[in-house]
4 protein chains.
Amino acid sequence: MNKVILIGRLTKDPELRFLPGNGTAVSTFTLAVDKNLSKDKKQELEMQNKPTADFLRTVVWGKQAENCANYLAKGRLVAVEGRIETRSYENAEGERIYITEVVAERVQFLEFGDKKETSSDSDINKGFVPVDDEDIPF
Amino acid sequence: MNKVILIGRLTKDPELRFLPGNGTAVSTFTLAVDKNLSKDKKQELEMQNKPTADFLRTVVWGKQAENCANYLAKGRLVAVEGRIETRSYENAEGERIYITEVVAERVQFLEFGDKKETSSDSDINKGFVPVDDEDIPF
Amino acid sequence: MNKVILIGRLTKDPELRFLPGNGTAVSTFTLAVDKNLSKDKKQELEMQNKPTADFLRTVVWGKQAENCANYLAKGRLVAVEGRIETRSYENAEGERIYITEVVAERVQFLEFGDKKETSSDSDINKGFVPVDDEDIPF
Amino acid sequence: MNKVILIGRLTKDPELRFLPGNGTAVSTFTLAVDKNLSKDKKQELEMQNKPTADFLRTVVWGKQAENCANYLAKGRLVAVEGRIETRSYENAEGERIYITEVVAERVQFLEFGDKKETSSDSDINKGFVPVDDEDIPF
DNA sequence: TTTT
DNA sequence: TTTT
């Protein structure tokens, strides 16, 4: 059993890539999930300029990845059901890097904002950068 | 909403530390959570010497931390309910290191093995090393 | 482990009552939670006039019950974290009736509509009907 | 989102039936899920002869239903991931009966007891009673 | 109608 | 750095 359920907001527009081999779509984004804090504790953290949310790297595969890229944008509220996965890879300096991320099995849109045109210009062809399979240090 | 539910086995005996200020107990361990794989996929990964489990750093606070240290041991099966948290700290080289870990709100023991005496000798006073508050790079 | 997570909409304004003994607040409402159906299956059910949602009786206690009564209304979207409980009681005919309901431990508001004034007039003093402890066949 | 996670013990051997049309397997059993009680509260309930567990009707479909029937038995510990569903049907007296049950999407065995031969004799061909589709008032 |  |  490895179950994760999150409700949070995208910190940026989602990124969309395609695996070179089979063209499988992969979307990644970070969710800001508010910590469940008392009013006092929240204010204390804000005054110390410490984060009052957890920031969780999220990965979506396949058809849902495309839906995310098409309909989600920075700030939008979503519910994610998935699992936590750990991966490791070797970086340029030959160090082993360990990654923990949420693999979304389902993404439920909780807001249907002003569509995707609101995304920044620089996103226009973001979705079409093919990536190398062994090279997804998200 | 930030909810995690895991069922897995401890990869080692749990570690127990105490915060210097108030003496709060903190227990940490890694859970090996089997990936939900088809028989074929599992065999494939085993033949490639790739892991068939996810390894998830888990932190428990307070009274439950002490219970974990007292009753759990390497290999024991537990269910954990908690949340995912992200933290960052600066390491000795001045690099910002980002950590993702599961903070357990409840740990349910699913096996009551051959008690804790089975732990290795070197564990005997493992539980009493006080640590510095800013120095918990688990 | 007894964990339930729901995202759904209130089918009516919440009801609020107070236990006679200690005045503890109890709020109850039913959540309509969309079934996760394919487009085809959904259409099929709609044509047969069968429900495409599950209707789940939900109970909230204490301070959160009052918040629900004050800020929620029919149609509002919420996330609920809680547990399933079973109860039984004897009805007027002396039959044992079995009830299954969701006890909410946390209710997260996902929409902040046009406030609570929109509630129907008949709700105005709904919140102040005391009830007998043994007589909560919700 | 309609998510349920339970860890509990079967109150009886699972029942196995087959839908008349297509022969789909359906297994049903009740899980006793311990309430998360303080020691005092637990003792209090026991002295009053009140249950300290919730009893949750669980339904499993297809291949997993057969696995449950083959490998589970009364008292065995399992983890269930699924959803809550509500149904209604008309009973012999023409009354509308409302049912709430857990539909298991995954059943994880947490104990591998003394096999299934331990089941009572009367179970021997329990699994082969075909049932009428409209007649599953579990 | 309830399990360890 | 990984468990059965």
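Order of the sequence lines fixes the chain letters, A, B, ..., with proteins taken first and strands second; residue numbering starts at 1 for each chain. Since this is a predicted model, take the numbers as computed values, not measurements.
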In whole angstroms, the gap separating C1' of E:dT3 from CG of D:N49 amounts to 16 Å
What residues, two or more places apart in sequence or in another chain, satisfy salt bridge (Lys or Arg N to Asp or Glu O under 4.0 Å) together with D:D54? D:K35
Could you check how far NZ of D:K35 sits from C1' of E:dT4, rounded to whole Å? 17 Å
Under 6.0 Å from the CD atom of C:E90, do we count more than 12 heavy atoms belonging to anything else shown? yes
Does A:Y98 place a side-chain N or O at less than 4.0 Å from the phosphate oxygens OP1/OP2 of F:dT2? no
Apply salt bridge (Lys or Arg N to Asp or Glu O under 4.0 Å) to B:R9 and list each qualifying residue two or more places apart in sequence or on a separate chain. B:E111
Over how many whole Å does the gap from B:E111 atom CD to F:dT3 atom P extend? 15 Å
Using the side-chain heavy atoms of D:R57, tell me which of these nucleotides is nearest: F:dT3, E:dT3, E:dT1. E:dT1
What is the distance from CG of B:L31 to C1' of F:dT2, rounded to the nearest Å? 11 Å
Side-chain contact, heavy-atom cut-off 4.5 Å: D:Y98 with D:T100? no
Give the rounded distance in Å between these two atoms: CG of D:L56 and C1' of E:dT2. 11 Å
Whole-Å distance between E:dT4 P and D:D34 CG? 11 Å
Write down the distance between CZ (D:R9) and P (E:dT1), rounded to a whole number of angstrom. 23 Å
Of A:R96 and B:K42, whose nearest nucleotide on DNA chain F comes first from the 5' end? A:R96
Whole angstrom is fine here: how far is it from CG in B:N36 over to P in F:dT4? 20 Å
